[in-house]
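The figures that follow rest on heavy atoms only: side chains count, while hydrogens, waters and symmetry mates do not.
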Amino acid sequence: MRSPKHMRTSPNIFSSADLPLPTLPFDVISEILARLPVKSLLQFRCVSKSWKSLISDPKFAKKHLNLSTTRRLLCVSYDNPSYSFILNSYSLQSVFTDTNYNLTRFKFPVDVISERYSHHLVGSCDGILCVANYRISPDFKPLVILWNPSIRKYKELPQFENPAELYRLWLRMTYGFGYDHVSHDYKLLVLYNSDIEHATRAKLYTLKADSWRTIQPFPSDFGTLLTYPRGRYVSGTVNWMTCQRSIVSFDLVNESYRKILPPRQQRKPRYLGLSVLRDWLCITYDHDVWVMKEYGILDSWTKLFNVTHLLNPLSNSFRLTNLLYIFQDDQVLLVFEHFLGRVSLIVYNFKNDTSKVSSMLKDISEVYVESLISPWS
């Protein structure tokens, strides 16, 4: 009889395929999914009915938004041969690689035949883009849409005024879009006047009611708004710069206006601009950049940096026009406008005073966060 050490070992009759798959509690699965990109989540809706129900839940969408770190650069352009508007969406990594890294292209969801540059990006909030036109002629109706390109859903808003009145006037308007955290509602304010009147009328759209209503007009003693197409959303308010070098703020919760004084300056600036960095309201005096560290507190105005040394001394029209984003390591995306409207994007680190010109991105107008938010569906 052969000794045991010479006996052949019997194969394991249990393979790994026969072992039960490990299971996770559903709340753990929810925590994992809430940290994934939108594109993956849209695909994972097909895994099971429970996953589809979870990913489609508005509460999960809010949780995902709070945890999301996926932000993208936006550029809205007009394709003349097809009479369509195109949204080019780039990853933030593009500014460092100078390539079309992770480029996504969306066609404007509504077919519009109009003159070039009739529609502009009003702003973004929670991944929802607001796109509108800013000058209405008798043969061109107003169009405003709310659009989440990440999930391919949009809503065309009703007209804010009687069509018969709109069609006989040339209207000039500006919009402000944001979120009312008390009523948990998205709101859009439009300020407009015609070529035959001086008063600026105001209409407010609320998404829950899906309707416009007239509110108190823009205060005439606050000054004249600069020719600027959109208000800046921050801390539950929409903000505009006036020709009198003050800031007008509209509170989306109280639906009231207030004036905010800018930081004191010893000289009169040639250029003024309003932006938002993180949760700071940001103002540019020529090439000085100031931020309001605590919204509404005048003493919190802080000069962040000056970019004069970044300018081209041979070009008088080369100026800072927008601040798009600030990274955790204090690098800032700056938009400079050149002669004849040419635009450059510069990555600037104001802590160590280093900069890099990104040559591949043009006409960038916004940074938005990817989300599952679709409150109108």
Side-chain angles (χ1 to χ4, degrees), residues 74 119-134 142 144-147 157 160 171-193 200-209 211-262 272-284 290-292 294-298 322-324 365-369 373 375:
L74 292 180
H119 290 78
H120 300 269
L121 183 64
V122 173
S124 67
C125 180
D126 296 345
I128 300 173
L129 310 183
C130 180
V131 184
N133 49 359
Y134 289 96
V144 184
I145 67 165
L146 300 181
W147 176 24
L157 304 192
F160 59 82
L171 294 182
R172 293 172 295 276
M173 61 195 66
T174 181
Y175 297 89
F177 173 63
Y179 183 70
D180 176 351
H181 64 278
V182 173
S183 63
H184 303 291
D185 200 1
Y186 293 92
K187 295 182 176 181
L188 176 67
L189 175 69
V190 57
L191 303 173
Y192 64 103
N193 54 42
T200 300
R201 289 183 276 177
K203 295 277 188 176
L204 187 69
Y205 171 86
T206 56
L207 185 58
K208 285 184 177 179
S211 63
W212 296 88
R213 53 187 169 86
T214 301
I215 62 171
Q216 57 180 313
F218 179 80
S220 58
D221 59 334
F222 276 20
T224 304
L225 293 178
L226 286 175
T227 306
Y228 198 76
R230 57 176 172 163
R232 298 293 187 172
Y233 171 71
V234 63
S235 299
T237 67
V238 182
N239 302 264
W240 290 267
M241 183 70 70
T242 71
C243 294
Q244 288 71 28
R245 295 177 177 80
S246 63
I247 299 167
V248 173
S249 169
F250 181 78
D251 191 311
L252 293 170
V253 175
N254 301 323
E255 298 181 2
S256 59
Y257 305 93
R258 66 176 290 195
K259 182 185 289 187
I260 296 178
L261 296 178
L272 289 170
L274 208 58
S275 304
V276 173
L277 290 178
R278 291 182 183 146
D279 293 324
W280 302 330
L281 185 65
C282 180
I283 187 172
T284 53
W290 292 73
V291 295
M292 180 176 270
E294 297 180 55
Y295 184 81
I297 307 300
L298 300 183
N322 198 6
L323 294 91
L324 287 174
S365 58
E366 188 79 10
V367 173
Y368 83 114
V369 59
I373 300 293

Looking at Gln244, is its backbone amide N or carbonyl O close enough to the side chain of Thr242 to form a donor-acceptor pair, meaning the two atoms are under 3.5 Å apart?
yes
Taking every heavy atom of Tyr179 against every heavy atom of Cys125, the minimum-distance pair comes out as CB-SG, 3.7 Å
With sequence neighbours excluded, residues passing salt bridge (charged side-chain N to carboxylate O under 4.0 Å, His left out) with Arg258:
none
If you compare all heavy atoms of Pro217 against all heavy atoms of Thr200, which two are closest, and at what distance to 0.1 Å?
CB-O, 3.3 Å
Option from Ile297, Ile283, Leu298 for which side chain to side chain contact (heavy atoms under 4.5 Å, CB included) with Met292 holds:
Leu298
Please tell me if the side chains of Gln216 and Glu255 come closer than 4.5 Å, counting only heavy atoms from C-beta onward.
no
Ring-plane angle category for Tyr175 and Phe160, please: parallel below 30°, perpendicular beyond 60°, tilted otherwise.
perpendicular
Looking only at heavy atoms, what is the nearest atom pair of Pro262 and Ser246, with distance?
CD-CA, 4.0 Å
Could you work out, with side-chain contact (heavy atoms from CB on, under 4.5 Å) as the rule, every residue matching Ser183, not counting sequence neighbours?
Asp180, Asp185, Lys187
Look at the aromatic rings of Phe218 and Tyr257 and report parallel, tilted or perpendicular, splitting at 30° and 60°.
perpendicular
Does any non-hydrogen side-chain atom of Leu189 lie less than 4.5 Å from one of Ile215?
yes
CD1 (Ile145) and CG (Leu157) are apart, to the nearest 0.5 Å, by 8.5 Å
Sorted by chain and number, sequence neighbours left out, side-chain contact (heavy atoms from CB on, under 4.5 Å) with Val369 holds for Leu65, Ser68, Arg71
Smallest separation among heavy atoms of Ser124 and Tyr368, with atom names
OG-CB, 3.6 Å
Which residues share a side-chain contact (heavy atoms from CB on, under 4.5 Å) with Thr214, sequence neighbours left out:
Lys203
Please tabulate, one pair per line, all N/O donor-acceptor pairs under 3.5 Å involving side-chain atoms of residues 273-281, not counting sequence neighbours.
from	atom 1	to	atom 2	distance (Å)
Ser275	OG	Asn322	OD1	3.0
Ser275	OG	Leu323	N	3.4
Arg278	NH2	Phe327	O	2.8

Euclidean distance, Leu207 CG relative to Leu188 CG, rounded to 0.5 Å
10.0 Å
Side chains of Ile128 and Pro375 in contact at under 4.5 Å (non-hydrogen atoms)
yes
What are the two closest heavy atoms between Met173 and Val190, and how far apart are they?
CB-CG2, 4.0 Å
Got Phe177 and Leu129 here, is their nearest side-chain heavy-atom distance under 4.5 Å?
no
Measure the shortest side-chain to side-chain distance between Tyr295 and Ser249 over non-hydrogen atoms and say whether it is less than 4.5 angstrom.
yes
Looking at every non-hydrogen atom in both residues, tell me the closest pair between Gly176 and Trp240 and how far apart they are.
N-CZ2, 3.9 Å
Does any part of the side chain of Asp126, heavy atoms only, come nearer than 4.5 Å to the side chain of Tyr186, both counted from C-beta?
yes
Residues forming a ring-ring contact (aromatic ring centres under 6.0 Å, His included) with Tyr233, sequence neighbours excluded
none
Got a donor-acceptor contact below 3.5 angstrom from the Asn239 side chain to the Arg232 backbone?
yes
